[in-house]
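Taking it in order: structure first as structure tokens, then the write-up.
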Amino acid sequence: MAQAKAKKSATKDSRPEAFKAEEILQAVVIADSFNERFKPLTLQTPRALVPVCNCPTIEFTLDFLAGNGVSEIFIFCRANAEKIRKFIESHWKWGPMGRRHRSVSVQIIMSEDCYSMGDALREIDAKNTIRGDFILVQGDLIANVDIKPALDAHRKRKTLDKNSIMTVVCRQVASRHPARSQEDQVVLAIEPLTNRVLHFQKLGTAKKVSFPVDIFEGRDELEFRTDLIDCHISICSASVPPLFSDNFDYLTRDDFIRGILVNEEVLGNTIYCHLLTAGYTARISNLHMYDVVSRDIIARWVYPYCADLGFPEGDAYFYRRHHIYLQKDVELKMGCVLEANVLVGRQSVIGENTRIRNSVIGNGCTIGRDCKIEGSYIWGNCVIQDGCELYKCIIADGCVVYSGSVIESGCILSYGVKVGPDALLSAGSRLFGEADLQILLQENSEDGDVTPKDRTFATVDEKVRGSSGSQSWLFTLNEIEDEEEDIAPGGINYEKLSWKWTSVENLDDSWEEDSESSDSDGDSVDDVDGPKTTGAQEDIKVFFHEISDSLLRAVDEKVNPDNVILEINSSKFAYNVTMTELNKLVVRAIIEIPELKSLKQRTELKSVKDASAQIVSAFETLLPVLRNYYRSSESQMDALLAIEECAVNYLDLPRHQPYGNLVISCCLNILHFLYNNDILTEDVIRKWYAEPEKAQVRRFLPFFLHEQQQHSPAGRRRHISGDLSDDEVSGLVKKAELLKQKIAPFIHWLEEAEEESD
């Protein structure tokens with residue numbers, strides 16, 4: 001009897017342990033960015049619902065969290081919160097009747113009085129919704145990584161260090177990784193054995209990093225990491241929201257991390273990091289990252305988030321080679337060409353002889369005939385009429401671009417805007433319509449201190465009126481807010497930078513600054529697209545002359561190519577020249593060798609045959625040098641741009657005559673030689689040939705290498721191509737078109753060779 005009671009008692013005691021409920025993992029998604037980077041697109045649509053590859057951004061975030069075992073998701077939203085709530089409630093996966101993720105609960109927390117992530121977490125703390133560890137992310141996160149090891153490490157660490165309150169997830173990437181936004185680059189000082197964070201700083205463009213002395217005290221070993229990007233994935237303990245409530249200086253997560261590290265001795269709290277070495281993580285924090293992430297999804301870097309696998313909306317696209325994705329009811333007219341990296345939504349029509357590349361076409365769009373679309377994102381139900389050209393722009397729902405219009409890089413058309421016919425929108429323009437105007441008027445009227453002249457918009461001229469008589473307005477940032485917001489360490493204003501979309505691609509180059517240098521003629525260099533300072537320009541000029549002398553000596557004296565490469569590399573580091581500039585200037589220096597030799601010998605090259613033979617001979621002598629530098633597709637594209645630039649610039653410049661008139665006719669032989677010797681690949685040549693001439697002209701190197709003192713008619717210095725007038729740019733574009741006409745037989749030969757091989 002006693003034995004039976006003991007057995008019964010043991011069974012009763014063990015039952016709670018056996019049936020103990022598993023800890024529920026929660027997540028907080030901050031759906032607002034609390035900045036104006038995507039305005040006017042976000043006046044009517046919240047950032048979390050902005051489509052990426054025809055899918056709302058927040059869908060990627062929710063799917064990532066559900067795939068990592070999150071059971072409860074709280075979405076915090078302020079602007080257009082009602083639209084997010086309706087989207088979630090009616091969604092076939094995430095709504096109350098969702099069939100796929102019944103184990104995942106999605107709740108909306110709305111507040112109009114919050115203006116930062118810190119305010120959002122204070123609001124969440126007041127509602128007492130967090131019961132344990134939770135994951136903190138933003139609503140524009142695109143990721144396919146497995147963070148379960150980071151969760152396990154965080155939970156295990158808490159048993160050893162009760163003061164551990166946060167684990168920051170970082171990703172180890174190469175310095176030139178395409179998805180490495182400079183905004184997310186961090187410098188970490190950590191303990192190697194425990195990965196405890198001792199110093200956390202966003203790098204930006206800062207050339208110097210300061211570390212507090214106390215992190216070195218009492219430690220034999222420290223590890224400093226600059227090869228990381230911030231994934232914006234934070235695993236937090238339940239004590240994090242109360243800490244935000246206790247300190248109203250914490251506006252962002254970065255403020256919180258810095259505050260905890262500075263006050264570590266007082267509060268005793270610690271922060272750790274978890275390093276990822278595989279997978280994809282990126283935030284669509286600005287327009288540059290919107291472009292990068294969209295192209296990465298199309299190129300299948302974010303697998304399994306691929307259109308042909310039924311994501312984003314459950315309807316699988318048909319996949320064709322060269323990353324072409326089509327819905328089953330897409331209509332392609334005769335002669336239209338989808339070159340590469342194109343996604344076309346359902347019920348869209350592509351007109352005759354239209355060429356599309358690196359672009360996303362939304363649902364229900366109509367594209368006319370003879371259009372050129374490059375690197376653009378056209379959302380749903382848009383109409384692009386015949387003969388339009390679109391380069392790296394965003395066209396929101398319901399827009400109409402009438403026939404013959406040209407939209408240049410960085411332009412945004414907000415909802416329902418009508419442009420044309422024959423309109424020309426300059427780079428970086430943002431237009432909005434009547435509906436957005438009413439929202440802006442309402443926003444400004446709510447602030448009693450704002451006068452009509454302080455509004456963030458201004459009327460534009462008749463050139464952007466739609467043919468239906470509808471008026472559009474040009475949207476501009478409020479300068480006061482623009483100067484105060486988003487100033488990162490290192491001096492980058494990401495609000496301005498995102499505003500100038502076209503300047504973000506070469507972020508590492510365009511934002512190099514020297515605080516002690518100034519322009520000798522008093523020209524302003526404060527522009528966000530700004531050229532390098534005069535000192536940097538002079539360095540490039542000296543670098544060009546040095547490598548030109550080295551290459552000329554190598555051809556004349558048959559110098560060992562390894563020594564030439566060593567000289568070029570030494571000059572590169574001495575003058576802080578980028579690889580893009582080096583790749584272009586090496587090719588330019590080789591093309592100039594016959595001209596320099598003729599000047600030295602006091603002879604003239606008067607025939608295309610002689611000039612071409614000498615140029616090809618110089619390239620042949622320097623083949624080992626070329627093979628060292630032109631291995632990647634990017635470096636080969638730099639070489640092709642350098643050849644084009646020489647052919648275009650030398651054509652009329654007096655300094656290069658009569659040799660300059662011969663170079664453009666030599667380019668066909670140059671390309672043929674470089675192709676035969678595997679310096680240039682067929683894919684890169686054809687990609688360069690298909691790229692719009694205007695886009696190529698705007699990437700030319702500074703003109704000071706040709707004519708140092710010449711001024712434009714407007715009195716501006718002609719030391720960079722961006723300083724040229726529209727007429728001068730048009731003249732260069734026509735010369736570039738002439739060059740491509742001359743090398744067209746070589747391109748046709750490549751196409752015929754490919755057809756024969758097929």
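Side chains of Thr57 and Asp140: a donor-acceptor N/O pair is absent below 3.5 angstrom, by distance only. At a cut-off of 3.5 Å, with distance as the only test, a side-chain donor of Asn341 or Asn358 sits close to an acceptor on the other residue. No donor-acceptor contact under 3.5 angstrom links the side chains of Asp32 and Tyr115, judged on distance only. Side-chain contact check for Thr580 and Thr578: no donor-acceptor pair (N or O, by modelled atom type) lies under 3.5 Å. A side-chain donor-acceptor contact under 3.5 Å links Gln201 and His199. A donor and an acceptor atom, one from each side chain of Asp296 and Tyr280, are located under 3.5 Å apart.
Residues passing the side-chain contact (heavy atoms from CB on, under 4.5 Å) test with Tyr303 are Cys306, Leu309, sequence neighbours excluded.
The pair Arg253-Asp230 meets the salt-bridge criterion, with a side-chain N (NZ, NE, NH1 or NH2) lying under 4.0 Å from an Asp/Glu carboxylate O. Ion pairing of Asp113 with Arg78 is absent here, as no side-chain N (NZ or NE/NH1/NH2) approaches a carboxylate O to less than 4.0 Å. For Arg225 and Glu223, the salt-bridge test passes: some basic side-chain N is under 4.0 Å from an acidic carboxylate O.
Aromatic rings of Tyr290 and Tyr377 (six-membered ring for Trp) have centroids within the 6.0 Å cut-off, being under it. Taking the six-membered ring where the residue is Trp, the centroids of Phe211 and Phe224 are separated by under 6.0 Å.
Contact of the Pro40 side chain with the Leu43 side chain is registered, since non-hydrogen atoms from C-beta on lie closer than 4.5 Å.
The salt bridge (Lys or Arg N to Asp or Glu O under 4.0 Å) analysis of residues 144-167, with sequence neighbours excluded, yields the pairs Asp133-Lys158.
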